[in-house]
Every structure is written in C-alpha cells, then in structure tokens.
Number of protein chains: 2
Amino acid sequence: MSLEAPDLLRIRALPLFEAVNDGVFDRLMRGAFLQRFPRGSQLTTQGQPDNFLFVLLEGAIELEGSSSDRESTLALLWPSASLCLASIVLDGPSLMTARTTKGSLILMVPGDAFRQALEEDAGLGRAVAEELAGCFSGAVRSLKNNKLRTARERLVSYLLAQHQRQGGGAAVKLPCRKRVLASLLGMTPENLSRAFASLGPHGVEIDGSTVTLREPEGLAQLARPDPMIDNPIGESFSQAERERRRGGRTAIAAH
Amino acid sequence: MSLEAPDLLRIRALPLFEAVNDGVFDRLMRGAFLQRFPRGSQLTTQGQPDNFLFVLLEGAIELEGSSSDRESTLALLWPSASLCLASIVLDGPSLMTARTTKGSLILMVPGDAFRQALEEDAGLGRAVAEELAGCFSGAVRSLKNNKLRTARERLVSYLLAQHQRQGGGAAVKLPCRKRVLASLLGMTPENLSRAFASLGPHGVEIDGSTVTLREPEGLAQLARPDPMIDNPIGESFSQAERERRRGGRTAIAAH
DNA sequence: GGCGGCGATTGATCAGCGTCAAGGTCGCGC
DNA sequence: GCGCGACCTTGACGCTGATCAATCGCCGCC
C-alpha cells in the first residue's frame, strides 16, 4: 500500500513527524508505506536486526522478551506508539519480539532513511529524543514496578490505572487475555486467578474480561499507588510521557 | 569551578557533545560548570524536578528507586555516563534518586539551556537520541534480567559479565559493597551471601570484594548467559550501546 | 447435537527467597 | 588496648508465588 495524501496528513500529525522539515519529511516518506497485518503477525524477532521503524496506527502489539525457554510479556503497545525506534537509532539488534494481538495498520519507515533524516533535521532529533525519553521512563517505571511491589500490588495498581484511564467508571475492561496480563504483571496465570479471587472481599468482581471495582478507594490502600511508577496516561514504553507534558489528559481511547 | 580550556576540550570529546555546532556548544557551556561532590552526595531526588544535566567524569553514582518504605538499586553509573537526560528532555520529574558512592567530578549543564540547544542543533539531537536509545536498551535488559532469571542466575551472569569486562583474568573485583550488589541484583544481602556460598562447588572463591572464578566455562552453564540481556560493555543505562556500535571493545577501565 | 481444544480456574505441593535473630570479622576512634 | 559500629555471614522459619494436575466452561467445527 503506497502513501496517499490523506495518509500523509495523518502521518504528518504524529508527534514524531510534526516538527520535521518539509523536504526531509518528503524524502523520508518516499520509502515508507502502510501495511495491514493480521492478528498474530510477528513484526520483530529478539536478536535479529530491525530494518524498519514501525508506527502503530490501528490495532495492538505485544512486546515479549525471552531467554532460554522462558518468556515474558514486557509491554503492550497501542496507537499511536512507535516500535523499534531504539534499535533503528543504534542500528543494533531488536531487543524484543513484537507480535500483533489484533489485526493492525502499521506505518513502516526504512531504517537507513530514518537514520539519515535524523542526521539532517533538528526537529526530528528533538522528537526522537522525546519519544525515547518516554520509552526509557516507561521501562524504568516497569522496573520499579517489578522490583518494589508484590504480584498482588502490581495487579491492584494495574486495575486502578486502567480504572482511571478508562474514565473512572466502576466497570474496567481488560485489554488483553488474562494469560498475557499475567505475564505482563510478572506472574503465572494461576497466580493471577488467585490474586483476582483474593480481591473479592475488597469489592472486585470479574466477569470474563470485565472487572468491576466497587470500592476503588479501598483498593488503593492495598496497592501503594505511586505516581512515579504508575503512569496516568500510557500503558508503557513510548507515547506516555509526552502527553503529560503538553498539559495532557487529552481524551485517550479506553484501552 | 568555572570551565577552563582543558576542561572544555575534554567535554567537547564526550559523545554527547562531539557533533554539536561550535556556536551552540559555546552557548551551552556558558552556563555549565564542573563540580566535585564528596561520597554520599545526593544529586537527584525521585519525584523532584531536575534542573541540571549531569555528566559523570570521575567517580561513581548509584541510582535508586523507592516506593513506600521499600527501595532498590536500579543501576550503577561510571564515567562517562550521563544522568537526568530523560527528565531534562521531557522537562519532567526525576525518575530515580541518584547518590555518589565515591568522591566524584561532575559536569553540570543547566536544563533549560540544554533543551534550547536541542531544538537548534541536529548533531546534538542525534547524540541525545543515541544516548537515550542506549539508556532504554539498558533498562529493557535489566527488565528481562529480572523477569526471566532467578536470583542465582542473575548473580552468575553478573560475575561472568564482570569477568569478561575486567579482561578475563580469574580474579574479579566487585565494584560496590555487597549490600548494593544484592539490591542491584534484586535480592537481599543474606540471599546474596548464600548464593555466593552455593557457587563454591563451581569454583567461585570470595575474599572481601575480590571474587575468583576457577571455572568460568562451567559457570556459564548455570547462568543461561544471553547477549540480549548481558551487555558485554557497560554496566547499565547509558554509555553501553554506543561503544558496541562503533566497533567498540576499546579498552574500558575495569570497574 | 456431539466433539475437541483452548483458556481459565481450583487445589495440592514445593521451591525460592525474604525475614528475623544471632554471631563473626574488620576497621576506626578513644 | 579496648570497645563500638558497619558489614557480612549463618541458621531457622515462614510466606509468596511457581509447578503440576485435574476440572470446568466456552466456542468453533465436524
């Protein structure tokens, strides 16, 4: 699928590209294209070189790390997150395996063209710096989440964050299968089940992928919520920090 | 301490600044200065705004995250790592608390001047992007290290990484107190002691802060060493990735 | 309708690791 | 020299969470 004018407008408005020089942008887009991927497509492989910068326009992506025979979900990406930015900038191997968890529409920009544009354009440099700072910040949050909290605290924090992100209503929709959520939270599916069950007395009801929080305030006392760990806006890596800075809290689709 | 010519030369050669325009560099350095800090100085506080970009020229820094009453060491920084780059770029609060663990010489650059220079100079933008990509990469490695390995595997991997980094001799010098190492590896000091003891049968001898590895190859079988987790060059966050790319393995002082 | 498979749950058991408490060693200052 | 404190070590115990196994419910398919 080659890029049409309406696509270009949409892309131009992305935070990564909005400050880029017209000429540089045009050259960059000459090699870029949109592609639709069915659910389950593997976009990157941990340890393999990345040749494209991805920007997720519609759909969802799961980032997974693995070593030996173990694997763990490290993050979930939503529109309009970028993917592979760090490995493209460093011209190094992919850090994680990325897989679509829904049918997805993705912008693909050739890596070498992107690196070249980065050398020429200060606006792009600044945008990339901001994006990567957000990624780093998200990763550090995740690290703190894992090292400083128990599994149950992580679950409660996650539920409260989703609760806030989805508008504060009692019903919260889980954005992924429980198995994936368990891995993201650093626990086994069995343990996640038990953790949910243990929250029953605190007003948490589960029905499929909908969770109802009857007493969010009470929950908060279980979780040690912490603004330096739980991001009020984004899920993790990328996309999160920028919005806060811009006076954010601009309506975000309920993930 | 204001900046003299030899200082400026040294700073100019740092990866962050080597591609910056002369004029921009001069303006940036007008507000910058060098400062010596005694051991134990707190440079940043988690959650508080950061007003300076730090570059560690001599000494060592510990990065710590905390929540409620728990705390954990997230990384150790060595020359010539940068500190606060992400929070300066985002103009947001500090992610971690930073403290010198030795007397240290540090370059301090005012944050707003740095942000302004970032808007003007593509060379700086690229350098910052590379540095932050390296930070992100380091944080992801650390996350995988924590989620995919047991405490003992983390210790063995750490020892092997230090072994390689210090030139491959049998004797490895621990770069920090055991208490700090334990926290960095996500375990208690007691558990670290026991883990060390359990490695005795595998040729690991401990004497104070020097560890002797009699059979490194055998150790590797315990550890699941993984190039996508263990960084051959740097310790973590910052400084690591760039060198690899440049055909690295340029002699690195044994930390 | 019946069957097969996947995901989620539940229970029993176990290992890893944290916690608490008690030494032990070293270095420093009086 | 003596005593104190910081750091590390060792042991006993308990909790968190992983593992293994069985069951249930749901959905798609034959």
Side-chain angles (χ1 to χ4, degrees), chain A residues 39-40 62 66-73 99 101-102 145-159 173-201 204-212 222-224, chain B residues 39-40 62 66-73 99 101-102 145-159 173-201 204-212 222-224:
Chain A
R39 182 194 144 131
E62 173 188 5
S66 61
S67 183
S68 301
D69 54 345
R70 302 175 210 167
E71 50 189 40
S72 179
T73 300
R99 190 175 297 116
T101 57
K102 291 183 185 176
N145 197 28
N146 274 282
K147 289 185 83 175
L148 296 169
R149 298 211 266 226
T150 67
R152 202 172 105 134
E153 287 169 346
R154 290 194 293 275
L155 172 59
V156 173
S157 304
Y158 183 84
L159 291 177
K173 191 92 170 36
L174 297 180
C176 59
R177 286 196 212 300
K178 293 213 183 79
R179 169 180 305 230
V180 174
L181 178 60
S183 183
L184 179 66
L185 295 177
M187 54 210 285
T188 57
E190 294 95 323
N191 212 349
L192 176 64
S193 261
R194 280 185 266 264
F196 266 127
S198 82
L199 293 177
V204 177
E205 297 165 15
I206 307 129
D207 176 31
S209 67
T210 345
V211 182
T212 310
L222 294 180
R224 325 179 176 238
Chain B
R39 180 192 146 132
E62 174 188 5
S66 60
S67 183
S68 301
D69 54 346
R70 302 176 211 168
E71 51 189 40
S72 179
T73 300
R99 190 176 297 114
T101 58
K102 291 182 184 177
N145 197 27
N146 275 282
K147 289 186 82 173
L148 295 169
R149 298 211 266 224
T150 66
R152 203 172 105 132
E153 287 169 345
R154 291 195 292 274
L155 172 59
V156 173
S157 305
Y158 183 85
L159 291 177
K173 191 95 167 43
L174 298 180
C176 59
R177 286 196 211 302
K178 294 213 182 81
R179 169 181 305 230
V180 174
L181 178 60
S183 182
L184 179 66
L185 295 177
M187 55 210 285
T188 58
E190 294 96 322
N191 212 351
L192 177 63
S193 260
R194 280 185 268 263
F196 266 127
S198 80
L199 293 177
V204 177
E205 296 164 16
I206 307 130
D207 177 29
S209 67
T210 48
V211 182
T212 311
L222 294 180
R224 324 179 178 240

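In what follows, every chain begins at residue 1, and chains take the letters A, B, ... in the order their sequences are listed.
Between atom CZ of residue R70(A) and atom OG of residue S183(A) there is a gap of 13.0 Å, rounded to the nearest 0.5 Å. Taking OG from S198(B) and CG from L222(B), the interatomic distance works out to 8.5 Å, rounded to the nearest 0.5 Å. Taking CD from E190(A) and CZ from R179(A), the interatomic distance works out to 9.0 Å, rounded to the nearest 0.5 Å.
Per the geometry, CG belonging to D207(A) stands 14 Å off C1' belonging to dT9(C), to the nearest Å. Remark: P of dG18(C) and CG of L192(B) are 10 Å apart, rounded to the nearest angstrom. Look at CZ on R149(B): it is 19 Å from C1' on dA18(D), rounded to the nearest Å. One interatomic measurement links the two molecules: NZ of K178(B) to C1' of dT10(D), which rounds to 14 Å at whole-angstrom precision. Between the CZ atom of F196(A) and the P atom of dA8(C) there is a distance of 11 Å, rounded to whole Å. To the nearest angstrom, P of dG18(C) lies 11 Å from CG of L185(B). Rounded to whole Å, atom P of dG16(C) lies 9 Å from atom CZ of R152(B). Distance I206(A) CD1 to dT9(C) P: 7 Å, rounded to the nearest Å.
Contact annotation: N191(B) reaches the phosphate of dG18(C) (side-chain N/O to OP1 or OP2, under 4.0 Å). In terms of phosphate contacts, T188(B) brings no side-chain nitrogen or oxygen within less than 4.0 Å of OP1 or OP2 of dC17(C).
When all heavy atoms are compared, the tightest approach of A195(A) to M187(A) is CB-CE, 3.9 Å. The heavy-atom pair separating A223(A) from S157(A) by the smallest distance is O-OG, 3.6 Å. Residues S66(A) and E71(A) share a closest heavy-atom pair of CB-CB, 3.9 Å.
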Return the polar atom pairs (N/O with N/O) between nucleotides 20-28 of chain D and the protein under 3.5 Å, or none.
residue	atom	partner	partner atom	Å
dC20(D)	N4	E190(A)	OE2	3.2

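Using a 4.0 Å heavy-atom criterion, one finds that G208(A) contacts no nucleic acid atom at all.
Between R177(A) and E62(A) there is no salt bridge, since no side-chain nitrogen of the basic residue lies less than 4.0 Å from a carboxylate oxygen of the acidic one.
Closest to the side chain of A151(A), out of dT9(D), dG17(D), dT10(C), is dG17(D).
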